[in-house]
Amino acid sequence: MRKLIVIAVTGMVVALAAAVGPASAAPASQLTLAATPNPVVIGQAVTFTGRLTAGGAGVAGATVTFGEYFDSSCTIGPFFTVPATTDASGNYNAGTYPTTGAPAGRYYFKATSGP
């Protein structure tokens, strides 16, 4: 099952970490994405991390792919993609990226996992 989440960077900042899963109390699987610092500031480095769970437990050894897009439906791009592997607790770190030189605007970051 493919899961994805999107974080938007607007102008100079973005504010939120998002999770995707069914509306039920205990989703079968969940993929989260967080930005540090939050909000993201253009001109400073940002680190993207998250966690993949199934039935409330971390999923170890799964591949999570992270990418940057220019549109909210994530069809224009990706302009870069980075694979990350979840650790024993289901946590992943997509890496730290400089935002120096990025023009003011809206950016969307998407993480996906699954076939």
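Given the structure is predicted, the values throughout are model-derived calculations rather than measurements.
- Smallest separation of non-hydrogen atoms from A57 and R51: C-NH2, 4.3 Å.
- One distance of note links CG of L52 with OG of S113; it measures 4.5 Å at 0.5 Å rounding.
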Stepwise side chain to side chain contact (heavy atoms under 4.5 Å, CB included) check, V82 with F48: CA-CA 11 Å; V82 176; F48 295 98; over 6 Å; no
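- The side chain to side chain donor-acceptor pair (under 3.5 Å) analysis of residues 73-86, with sequence neighbours excluded, yields the pairs D71-S73, D71-T75, S73-T75.
- The shortest non-hydrogen separation linking Q44 to P37 is OE1-CG, 4.5 Å.
- In this structure, the side chain to side chain donor-acceptor pair (under 3.5 Å) partners of T96, at least two apart in sequence or on a different chain, are T47.
- Listed by chain and number, the residues in a side-chain contact (heavy atoms from CB on, under 4.5 Å) with S89 are D87, N91 (sequence neighbours excluded).
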Review item, side-chain donor-acceptor pairs of residues 58-70, under 3.5 Å, at least two apart:
none

